[in-house]
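Okay, structure first, notes after.
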Amino acid sequence: MTKHQKRLSVPKSWPVERKTEVFTVKAGAGPHGEEGVPLVVLLRDVLGYVDSKKEARYALSEDSILINGEPINDEQRPIGIFDIIAFPGREEYYRVFPDEGGRLALTEIDAESADSRLGKIEGKQQIPGGDTQLTLHDGTNVLVDEDDYGAKDSIVVDNDDKSIVAHFPYEEGALVTAIRGNHGGKIGEIVDIEVAQSSGSNIVTVETEDGAFETVEEYVVVIDENFTGDDE
């Protein structure tokens, strides 16, 4: 199996130039599926902190880079939407957030905001013992003893003890961001949810400061003002 990824065929969300070189680094196994960007790409191509995979490996061996509060030792570990990248030695903290067009970008945040991360609930099921297991957008699971959460809601998970510190229901009036599609990166308030009469996707109308747009509900995630990049 090839260890490289052609730049022209990477997902549109990857923050890489497609015509400068033929290949880029291939993402390893992990969260976010095919949308996940290898950590080394962010360190090299976005932040400019390393020049090669070798330098990235050295930085990771020093436990100087944390992803969602945990040290990572794989430079190809997939990074995706709402992940938290921390450089404690530099006192720098970033949240992965959609930029215009849905391309992943790094939004600088403060240390307190880096203690937790946002997750969109994409599924839930009862498990033996009576607890409910929530499956988030990146494939991780969270156990809860109260079934107060619905699919498409968002939660904020503490990076340390994995507890839920906030819950944002998916409903009209909710603040959302589009993470894919032609309106990727736009932020606004849901003003209407049109339920499809067939197996098609529901259509969401979102009002922004610059007007309204429509998109399928799979492309929007409920957020809170603290997750727009304006943490002041």
Heavy-atom pair of closest approach, residues L66 and P88: CD1-CG, 3.9 Å

On a heavy-atom basis, the closest approach of A56 and V40 is CB-CG2, 3.8 Å

Once rounded to the nearest 0.5 Å, what's the spacing between atom CD of E218 and atom NZ of K120? 7.0 Å

Verdict with reasoning, V216 to I203, per side-chain contact (heavy atoms from CB on, under 4.5 Å): CA-CA 5 Å; V216 294; I203 301 298; 4.0 Å; yes

Can you establish whether the number of heavy atoms outside D158 located under 6.0 Å from its atom CG is more than 12? yes

Which residues satisfy the salt bridge (charged side-chain N to carboxylate O under 4.0 Å, His left out) test with E112, sequence neighbours excluded? none

Would you name the heavy atoms of P78 and G36 that are closest together and state the gap between them? CB-CA, 3.8 Å

Indicate if I179 and V157 have the same hydrophobic cluster label, given that clusters are the connected sets of ILVMFWY residues with side-chain heavy-atom separations under 4.5 angstrom. no

Any idea which heavy atoms bring G80 and L104 closest together, and the distance? CA-CD1, 4.2 Å

Sole residue of D83, N159, D138 in side-chain hydrogen bond (donor to acceptor under 3.5 Å, both in side chains) with N68: D83

Carefully, step by step, assess V222 and L175 under the rule side-chain contact (heavy atoms from CB on, under 4.5 Å). CA-CA 6 Å; V222 184; L175 184 69; 5.9 Å; no

Considering only heavy atoms from C-beta outward, does the side chain of K186 approach that of V206 to under 4.5 Å? no

So T135 and N141, side-chain hydrogen bond (donor to acceptor under 3.5 Å, both in side chains) or not? Walk me through it. CA-CA 5 Å; T135 300; N141 297 314; 3.0 Å; yes

What verdict does the side-chain hydrogen bond (donor to acceptor under 3.5 Å, both in side chains) test give for D161 and S163, after you've listed the backbone C-alpha separation in whole Å, the side-chain angles of each residue and the deciding distance to 0.1 Å? CA-CA 5 Å; D161 61 15; S163 63; 2.7 Å; yes

Output the distance between atom CG (L43) and atom CG (L60), rounded to the nearest 0.5 Å. 6.5 Å

Joint cluster assignment, L39 & F87, ILVMFWY side-chain distance < 4.5 Å: yes

Please check: side-chain N/O of S64 versus main-chain N/O of A59, any donor-acceptor pairing under 3.5 Å? yes

Mark yes or no for whether N202, through its side chain, and A196, through its backbone, hold a donor-acceptor pair below 3.5 Å. yes

What about I121 and V176, same hydrophobic cluster or not, with Ile/Leu/Val/Met/Phe/Trp/Tyr joined at side-chain heavy-atom distances under 4.5 Å? no

Pairing of E108 and R90 as salt bridge, 4.0 angstrom limit: no

With heavy-atom distances below 4.5 Å as the criterion, would you say the side chains of I155 and L136 are in contact? yes

Is D153 salt-bridged to K124, cutoff N-O under 4.0 Å? no

With the 4.5 Å side-chain cut-off for hydrophobic clustering, are L47 and V96 part of the same group? yes

Using a 3.5 Å distance criterion without hydrogens, assess whether the side chain of S116 forms a donor-acceptor pair with backbone atoms of V156. no

Rounded to the nearest 0.5 Å, what's the gap from CD on Q133 to CD1 on I127? Could you check? 5.5 Å

Gap between atom CD of E189 and atom CD1 of I187 - 0.5 Å precision: 13.0 Å

Answer yes if V221 and Y149 sit in the same cluster of Ile, Leu, Val, Met, Phe, Trp and Tyr residues linked by side chain heavy atoms under 4.5 Å apart, and no otherwise. no

Search all heavy atoms of E207 against all heavy atoms of A212 and return the closest pair with its distance. OE1-CB, 3.5 Å

Is the count of non-hydrogen atoms from other residues, nucleotides or ligands lying under 6.0 Å from Y219 atom OH greater than 12? no

Evaluate the side-chain contact (heavy atoms from CB on, under 4.5 Å) criterion for residues I193 and E172: first the C-alpha distance (whole Å), next the side-chain angles of each, then the deciding distance (0.1 Å), finally the verdict. CA-CA 7 Å; I193 301 174; E172 291 183 8; 4.2 Å; yes

Ring geometry between F82 and F97 (parallel below 30°, tilted from 30 to 60°, perpendicular above 60°): perpendicular

I would like to know whether I65 and I85 meet side-chain contact (heavy atoms from CB on, under 4.5 Å); could you show each step before the answer? CA-CA 7 Å; I65 303 172; I85 305 177; 4.2 Å; yes

Going by heavy atoms in the side chains, are T140 and K162 under 4.5 Å from each other? no

Hey, could you give me the NE2/CD distance between H167 and E146, rounded to the nearest 0.5 Å? 11.5 Å

Drop me the distance from H183's NE2 to E214's CD, to the nearest 0.5 angstrom. 8.5 Å

CD of E91: more than 12 outside heavy atoms within 6.0 angstrom? no

Looking at side-chain heavy atoms only, is the closest gap between D224 and L118 below 4.5 Å? no

What residues form a salt bridge (charged side-chain N to carboxylate O under 4.0 Å, His left out) with K54, not counting sequence neighbours? none

Closest contact, heavy atoms only, R44 versus D51: CD-O, 3.9 Å

